[in-house]
Amino acid sequence: MSSKLFGFKSTVSHPLPIHRLQVQHSSADRVTVHFINRDGERLTAMAKEGESLLEVVVNQNLGIDGFGACEGTLACSTCHLIFEEDVFQKLDAITDEELDMLDLAYGLTDTSRLGCQVCVKKVMDGLTVQVPMEVADMRRGLEVGKQSK
Amino acid sequence: ADAGRSRFAARPRVSRAGGVAVEAERLVSSVWVLLARSRSMGSRCGRVCWKWGSPLRRLTGFSRLLSTAVLAPQICVVGSGPAGFYTAQHLLKHHRLARVDIYEKLPVPFGLVRFGVAPDHPEVKNVINTFTQTAHSDRCSYYGNITIGKDVTVKELQRAYHAVVLSYGAEDNRILGIPGENLSGVYSARAFVGWYNGLPENRDLKPDLSSETAVVLGQGNVALDVARVLLSPLDILGKTDITEGSLAAIACSKIKRVWLVGRRGPLQVAFTIKELREMINLPGTRPLLDPADFTGLGDVVKDVPRPRKRLTELMVKSALEKPGEKEASRWAAATKEWGLKFQRSPLEVLPAADGKQARGIRMAVTRLEGSGESARAVPTGEVEELECGLILSSIGYRSLPLDSLIPFDPKLGIIPNSLGRVQGTPGLYCSGWVKRGPTGVIITTMNDSFDTAQSVLEDLQSGVLDLSNTKEGFKSVRSILHSRGVHPVTFSDWETIDAAEVARGKLAGKPREKIVDPQEMLQLISH
């Protein structure tokens, strides 16, 4: 049995569990998505077409800290992802509601989107997205406190 | 100077050996690595290594016992709001042995998620699901109805746990410091929010909603929240988890107009665009925005960062552009209104003839020195008065010191710390508003809590937290509480209260009907 928890397969050989075999047969409608985690680790997932990137992270139990706090209801920005320029241009148009929440995200870039609003399509096979670094500026918090006094 | 610090830059990854994470003392960890490797060698080499195999296997078993019993860090978190839960979550996820106990003053958990987030923002409360998962972890326990500093001291917690994390937030508010502040009709927005959200200490607020105009001092998201709750159509409010008592009071409210008053200008508003958009679209209401406040502002923000730009453009559009047909007819039919007043600094709350009620507010007209986020409001000498019978000061929450032995900066209202490590007190940490100050949304607190948890994990790995020092954890706290007649409320007890609230809410078409009396809560769980 493979130890998914630690991201590598054990050397012990056992027959693959049934659900794994089924996935192998229906790989036709699976899309490969790579998430580059904050510590540089690459997490690869076989996503279903039509799933949002947030659903991919949750369903595949990918180890991204604090992802999707509001569970896809556009009430936070914790599913913020950075796309490559060419892929970003091909994504479905962004709504005002998504922009409103994206505006609050840390490390906002020109190719940022919220993962809960981007659905996987066949043309995205091999897609790589970056989980943004969360930069915590300790002094800024204190300065705000000083200013408001 | 180091302007920013990434949580993940230059932080050593926790070492792994043979699939087992080892965060304990270096000596034991290297022995463990040796044993693990020998073990797998033994199984693969079969007969050749059997002499190696058995004594090592016995040692392995003993060492495993040793590691679980002695080397499991005992950590406690004070406060069960987002800061407390996110700190606990991160610790449990990234340390395979750590035990985390979460203490809470009230019987019920979740802090501001339950008592601060507006009733008409239920999606924001979805984080409760992930917190519930954390509480169900077999290495996590929740203990409610325990006041740290009274029922058990921080010193006693430090004796029982390897690390104590203070995440108790900001239970007080900043005061205006102006004459008339204590007249009837003047309340902190914090108390008003606590009132409609069922915070036990604010259940008897009985705010005076008998006048036509309310003034909210402050232009942050809390100010928008209280304005929206005052003006929302009752059929919308009635389907939320707003308390029965406050809904009944709001149903009798005479308030038709709410002003949000700020000392500075439109470019310094602290509220965010989603909440502003919600207010502009609030059914039954119209916005009162003075075009003179917004003329030319569109050009000023052309090159500022996108968030401030979009927020300002939305205000400018609503103030200067002719509304579309649908919007125009909605505004024409509106019976309630809300507006923004800028560059007004409160000087005095004016009393009515009886000397006890507020009847208005006198404000200094200001001008701005500097620009952008750091602009300062300076009085011009001019003064203005605004008639109103309800004044809500929404100028910020404030933390209080928990215990005289814990360092606390009264000016900044935070516990002095470096990356969550309390200054001069090894083994003591802090996260959330009590660490950073009372601003920010859930994601801000989440990142901050993960940062503090990282500091604890680092200290566990480096030996700053000495795990060879066995700690009893809740075992010793339980006997202290028992001797003082204090009965902790468990997470399972909370689930009983939760089920009761949801059941009562169902009868009224609401997600829940909050119980506002702590005694009633305790009776429900037979304490």
Side-chain angles (χ1 to χ4, degrees), chain A residues 2-3 5-12 37-41 58 63-80 96-110 112 116 131-149, chain B residues 1 3-9 11 13 16 19 21 40 44 82 86 89-90 93-94 121-127 129-130 174 272-274 277 305-308 310-311 373-374 376 395-396 409 411-414 417-419 435-444 446-451:
Chain A
S2 72
S3 181
L5 215 61
F6 303 106
F8 65 86
K9 294 187 211 128
S10 80
T11 53
V12 181
N37 211 347
R38 292 181 188 111
D39 51 5
E41 190 189 356
V58 169
I64 303 173
D65 286 335
F67 203 79
C70 77
E71 300 178 3
T73 55
L74 281 177
C76 77
S77 57
T78 60
C79 66
H80 172 206
D96 269 339
E97 286 70 28
E98 185 184 339
L99 270 169
D100 285 354
M101 293 319 299
L102 201 51
D103 275 356
L104 302 183
Y106 287 92
L108 189 63
T109 68
D110 290 334
S112 287
C116 67
V131 180
M133 295 285 256
E134 308 289 343
V135 180
D137 186 342
M138 302 304 302
R139 290 175 321 173
R140 198 192 299 147
L142 292 178
E143 247 139 72
V144 166
K146 275 199 202 106
Q147 252 175 23
S148 59
K149 291 288 186 268
Chain B
R5 243 200 88 258
S6 159
R7 171 157 26 95
F8 291 94
R11 290 238 193 200
R13 284 197 77 189
R16 289 166 193 221
S40 62
R44 259 192 262 139
Y86 276 127
Q89 194 180 84
H90 198 83
K93 182 178 176 184
H94 294 281
H121 288 169
E123 332 73 37
V124 179
K125 304 190 203 197
N126 281 345
V127 290
N129 297 333
T130 186
R174 293 176 64 207
T272 47
I273 192 169
K274 180 181 157 104
R277 208 186 283 282
R306 196 181 80 186
R308 178 60 69 183
R310 288 183 73 240
L311 176 62
E373 317 290 327
S374 58
R376 288 181 60 241
I395 59 175
D409 183 329
K411 199 151 170 274
L412 294 175
I414 58 166
N417 71 92
S418 176
L419 302 175
K435 165 190 176 194
R436 254 181 29 254
T439 58
V441 293
I442 289 183
I443 185 180
T444 333
M446 185 181 83
N447 289 331
D448 168 273
S449 302
F450 289 173
D451 271 347

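Within every chain, numbering begins at 1; the chains are lettered A, B, ... in the order of the sequence lines, protein sequences first and strands thereafter.
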### Message
Are more than 12 heavy atoms, taken from residues, nucleotides or ligands other than R376(B), located less than 6.0 Å from that residue's CZ atom?
### Response
no
### Message
Can you tell me which portion of L108(A) sits under 4.5 Å from chain B's heavy atoms? Options are side chain, backbone, both or neither.
### Response
side chain
## Note on the structure
Honestly, the part of C76(A) sitting under 4.5 Å from a heavy atom of chain B is neither
### Summary
Okay, R277(B) and chain A: the region with an atom under 4.5 Å from a heavy atom over there is side chain
### Message
Can you tell me which portion of K125(B) sits under 4.5 Å from chain A's heavy atoms? Options are side chain, backbone, both or neither.
### Response
neither
## Note on the structure
From the list I395(B), N129(B), V441(B), the residue making the most non-hydrogen contacts under 4.5 Å with chain A is N129(B)
## Note on the structure
Looking only at G66(A), G63(A), G68(A), the option with the highest number of non-hydrogen pairs under 4.5 Å against chain B is G66(A)
### Query
Between D96(A) and R310(B), is there a salt bridge with N-O shorter than 4.0 Å?
yes
### Task
Among N447(B), V127(B), N126(B), find the one that has a side-chain contact (heavy atoms from CB on, under 4.5 Å) with I442(B).
V127(B)
### Summary
With K274(B) as partner, the option from L104(A), D103(A), D100(A) fulfilling side-chain contact (heavy atoms from CB on, under 4.5 Å) is D100(A)
### Query
Minimum heavy-atom separation for A69(A) to T78(A), with atom names?
N-OG1, 2.8 Å
